[in-house]
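What follows is a short report on a single structure.
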There are 2 protein chains.
Amino acid sequence: MDQSEPPARTTASGQIAAALRAQIAAGVYAPGDRLPSTRALAAERGLSRTTVTAAYEQLLAEGYLDSRQGARTVVAPGLRPQADRAAPRRTGPPPASLSGFGRRLAVLPVPPAPAPPTSGPGRLVADFRFGDLAVEDFPLLAWKRALNGALLRRAGWLGYGEPAGSPALRSALAAYLWRARGLRCAAAQIVVVNGSQQGLDLCARLALDPGARAVVEDPGYLMARHTFLAAGAKLVPVPVDQEGLCTDALPRDGAARIAHVTPSHQFPLGGVLSAPRRAALLAWARREGAWIIEDDHDSEYRFDIDPIPPLAAHGEAAGVIYLGTVSKTLSPALRLGYLVLAPDLVEVFQAAKRLADRHTPSLEQEALAELIASGAYERHVRRMRRRNGERRAALLAALSACLGERVAVVGAEAGLHVLAWFTDVPRAREAALIAAARTAGVGLYPVTPLYDPDGAAPRPDRAGAVLGYGGLDPRGIAAGVQRLAGVLDGIS
Amino acid sequence: MDQSEPPARTTASGQIAAALRAQIAAGVYAPGDRLPSTRALAAERGLSRTTVTAAYEQLLAEGYLDSRQGARTVVAPGLRPQADRAAPRRTGPPPASLSGFGRRLAVLPVPPAPAPPTSGPGRLVADFRFGDLAVEDFPLLAWKRALNGALLRRAGWLGYGEPAGSPALRSALAAYLWRARGLRCAAAQIVVVNGSQQGLDLCARLALDPGARAVVEDPGYLMARHTFLAAGAKLVPVPVDQEGLCTDALPRDGAARIAHVTPSHQFPLGGVLSAPRRAALLAWARREGAWIIEDDHDSEYRFDIDPIPPLAAHGEAAGVIYLGTVSKTLSPALRLGYLVLAPDLVEVFQAAKRLADRHTPSLEQEALAELIASGAYERHVRRMRRRNGERRAALLAALSACLGERVAVVGAEAGLHVLAWFTDVPRAREAALIAAARTAGVGLYPVTPLYDPDGAAPRPDRAGAVLGYGGLDPRGIAAGVQRLAGVLDGIS
């Protein structure tokens with residue numbers, strides 16, 4: 001019996017019926033949802049099954065429920081829930097009792113939630129959203145095999161795991177980083193995190209007190225900016241050009257505690273940090289006592305250039321925290337990333353990870369370890385590199401064929417996106433271009449929000465867009481660019 | 001080629017061989033580890049397969065590698081890595097550049113890591129560690145079926161998910177909470193987190209600035225205390241007795257921002273918060289403007305008592321944050337928990353979760369949603385309740401038969417642990433008792449560390465231990481208690 005409700009009926013079955021009616025009205029069970037079996041509900045509430053069956057029959061008779069021959073009882077599909085009394089609504093400013101962190105969060109300009117899957121009528125011809133991967137690129141069978149293999153070794157992972165992550169995964173990652181990135185580290189320097197975002201957040205929590213300075217690339221990765229702002233940091237935006245971060249513009253007052261950089265493939269401009277600037281950045285971090293977060297988010301993808309070892313592989317890289325992820329090779333939904341730390345930082349990062357959530361889910365860690373150790377991960381990465389090379393070629397060919405000199409493309413050597421500047425659309429028309437593209441069935445993402453609103457980074461006076469292509473097929477890419485040509489005709 | 005290393009040999013195969021030798025020496029590959037296939041390594045480094053094969057043959061000849069007919073090449077099993085130059089070592093105090101959070105973390109008395117699995121010679125006869133579940137209790141087939149089912153619906157979960165969690169899981173949880181706990185909430189009030197620890201951490205981050213007051217139960221849950229201390233809070237320990245938190249002792253100066261409580265089954269004393277104290281606690285929170293974190297960690301397990309609806313199900317429970325988990329029913333390794341929030345807190349918790357790690361891994365959320373919606377979860381919980389009831393009966397019977405009046409047991413009505421006071425062992429001998437028990441093959445966990453060192457909670461002047469029984473079989477329980485009787489003979 002539902003003890004939180006006053007008894008509205010005198011019989012037990014009447015009470016159950018009333019409780020279910022209220023739940024259906026409140027939307028706890030939606031139309032079409034299965035109800036618990038009478039046996040399950042009876043056992044849970046300590047009632048006889050006859051009592052529960054009587055309640056179900058009453059609701060069937062009243063039309064709340066629907067029961068086909070032999071099938072489980074469901075809420076009548078035609079039924080609409082009442083306006084949900086308990087649905088979240090913000091009735092004013094955030095609660096006064098929030099911490100400084102909470103108050104800062106509450107005023108961050110959180111980007112709109114990811115758009116729902118684009119299918120059915122009104123779906124986009126091509127969605128150039130950065131970070132999307134094609135569903136068919138996920139190595140379904142290999143992942144299933146790895147998961148099921150790990151599942152069977154349950155004695156090894158069912159208890160609490162280590163805060164730093166599964167030993168098997170950390171060993172596999174250490175070997176992988178050497179093979180794939182020329183980065184030599186011990187497994188004990190690795191802390192497994194829930195995607196690179198948790199890595200960023202842990203760095204911010206451990207480095208930044210309110211008022212501390214944090215260097216960000218300008219333009220740069222929005223989530224890094226938000227993470228540092230929520231920590232209470234003052235941002236120091238440093239301009240970026242085609243060789244990556246302009247290290248001459250780094251602050252030299254000793255106040256910066258952290259710098260977030262993307263040396264392998266700058267997000268969003270796509271430059272690869274040049275060798276002199278790598279040396280300058282490392283020297284700066286040493287001199288200022290700042291941590292460098294090297295966000296190696298899409299380094300698996302390089303096309304016309306040789307692999308470049310990460311900053312963290314340099315001999316003098318003591319202050320570099322390497323941040324890796326499988327979000328661009330497997331799926332962002334797995335939430336698997338890792339930090340490579342200087343030895344004297346390992347202990348405090350493990351402690352922070354332990355307080356944050358004890359450890360990353362074990363089964364997926366074991367599955368990834370198996371995937372890497374068996375060689376299947378690197379085979380998959382090579383396949384992904386080939387497929388994304390085809391997508392990239394299709395995109396560059398279509399842009400050249402359909403838009404010619406109306407577009408200037410930068411940053412195409414690596415990663416899963418290019419940046420397109422539309423040479424005959426002034427910057428002031430960027431938002432209009434994005435909106436017109438969406439109307440024409442093309443998902444296009446503006447570059448402007450990636451610039452710091454107070455930063456001094458020079459930039460073309462043209463509209464720009466980040467074109468992610470990892471989730472599209474070559475035909476969709478060509479169709480999307482063709483539509484875009486029509487949109488540009490209307491805008492410029 | 002490894003660009004981070006100076007070319008030590010003049011041929012490509014010599015360079016590969018040198019790099020592998022160094023990796024083996026550094027422990028990147030441990031003895032017995034598989035090496036990447038020659039094909040994989042060749043593709044990764046852009047070399048011919050012949051070159052890589054030549055390097056492997058060189059290392060085989062030198063005895064670094066071992067290759068049986070047809071099998072993959074492995075590092076020679078007899079080989080010991082050199083002392084690992086890159087292994088973490090703390091050379092002094094934590095780095096000076098840490099934030100306040102980092103400095104507070106670095107001085108927290110972090111408990112030793114979970115002991116390794118106790119098998120082989122020297123394994124414990126019985127390990128009464130709280131929080132362990134029996135490996136054979138995990139519903140392996142049901143979880144595998146749910147995971148594989150979710151895996152196949154990959155189009156639905158492969159992209160970034162919602163910060164608050166999978167809509168299917170939130171709906172399933174809302175319905176489950178009503179059925180199982182009499183707690184009525186909308187799916188939109190739920191935020192899925194990585195186990196209850198992440199829920200605690202998000203609450204601390206959103207409620208506590210350094211210097212804020214946080215109420216904790218005394219004795220109470222160590223991780224709650226650590227989480228609040230790391231946030232910079234000043235703890236206000238409030239004593240606990242057999243009716244749960246002594247609400248008369250709550251602070252009344254308006255300074256407390258948060259209180260962590262376990263009303264369904266107090267950890268560790270095991271009391272169930274009485275109805276008058278529930279009312280008093282809710283009134284206190286309203287008056288003081290504090291959040292109550294209702295940690296419902298093991299509410300599925302109740303034996304001699306009726307189900308008690310949570311605080312959050314009360315009409316006036318606006319300030320209660322309900323914290324649920326599957327760590328005590330499925331496995332702590334899954335890292336799946338959830339918060340039920342007042343509507344006006346949902347938005348800021350979603351924003352905090354998004355910055356913390358974007359969202360909880362999607363596949364496991366989908367699997368749990370399926371397990372709950374199909375009824376398999378509640379069937380499993382009933383099975384677990386029955387099995388743990390048997391374990392509890394075995395423990396109580398053994399304690400009574402072997403120890404009689406030498407032990408006073410409290411808190412056995414619910415949960416997966418009891419608290420045992422050893423009536424003829426003075427408190428000063430508690431550590432000696434724990435050590436002697438371990439020597440005798442019994443894992444026993446002392447109650448003293450769960451008391452606040454500065455708290456005023458009254459307590460017996462006897463040694464006490466938390467006896468978790470969820471991971472043991474009835475025979476092991478009986479054998480462990482029998483050994484314990486011998487240990488007590490030696491100690492008292």
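So that the names make sense, note that chain A is the first sequence line, chain B the second, and so on, each numbered from 1. Remember, it's a predicted structure, so these values are computed and weren't measured experimentally.
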Atom [atom1] in [X], atom [atom2] in [Y]: separation rounded to 0.5 Å?
X: K144(A); Y: K144(B); atom1: NZ; atom2: NZ; result: 8.5 Å
X: R103(B); Y: L206(A); atom1: CZ; atom2: CG; result: 11.0 Å
X: R358(A); Y: L200(B); atom1: CZ; atom2: CG; result: 9.5 Å
X: L345(A); Y: S97(B); atom1: CG; atom2: OG; result: 7.0 Å
X: L20(B); Y: R179(A); atom1: CG; atom2: CZ; result: 9.5 Å
X: L105(A); Y: F349(B); atom1: CG; atom2: CZ; result: 10.5 Å

Practice task
For the pair Y160(A) and R335(B), evaluate side-chain contact (heavy atoms from CB on, under 4.5 Å) and give the outcome as yes or no after the intermediate values.
Solution key: CA-CA 9 Å; Y160(A) 282 107; R335(B) 310 309 305 132; 3.8 Å; yes
Practice task
Identify the heavy atoms of V348(A) and G102(B) that sit nearest to each other, and give their distance.
Solution key: CG2-O, 3.8 Å
Handout entry: Options L363(A), T227(A), D132(A), N148(A), ranked by heavy-atom pairs under 4.5 Å with chain B, top entry
Key =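 Maximum pair count with chain B is reached by N148(A).
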Exercise for the section: Considering only heavy atoms and a distance below 4.5 Å, find which of A373(A), G159(A), A356(A), G375(A) pairs most often with chain B. Expected result: A356(A)
Can you tell me which portion of [X] sits under 4.5 Å from chain A's heavy atoms? Options are side chain, backbone, both or neither.
X: L147(B); answer: side chain
X: L208(B); answer: backbone
X: T360(B); answer: backbone
X: R257(B); answer: side chain

Under a 4.5 Å heavy-atom cutoff, which of [options] has the most pairs with chain A?
options: Q365(B), R154(B), E136(B); result: R154(B)
options: E364(B), R205(B), Q197(B); result: R205(B)
options: A212(B), P332(B), S331(B); result: P332(B)
options: A231(B), A207(B), G337(B); result: A207(B)
options: L158(B), D209(B), L330(B); result: L158(B)

Practice task
Go through D201(B) and D357(A) one step at a time and tell me if the side-chain contact (heavy atoms from CB on, under 4.5 Å) criterion holds.
Solution key: CA-CA 8 Å; D201(B) 187 43; D357(A) 58 9; over 6 Å; no
Problem - Trace of the side-chain contact (heavy atoms from CB on, under 4.5 Å) decision for L151(B) with L140(A) - result: CA-CA 8 Å; L151(B) 204 50; L140(A) 189 65; 3.7 Å; yes
Completion exercise
Applying side chain to side chain contact (heavy atoms under 4.5 Å, CB included) to R104(A) and not counting sequence neighbours gives F101(A), P210(A)
Exercise for the section: Not counting sequence neighbours, which residues clear side chain to side chain contact (heavy atoms under 4.5 Å, CB included) with S362(A)? List them please. Expected result: W157(A), H359(A), A333(B)
Problem - Non-hydrogen side-chain atoms of L355(A) and M223(B) separated by less than 4.5 Å - result: yes
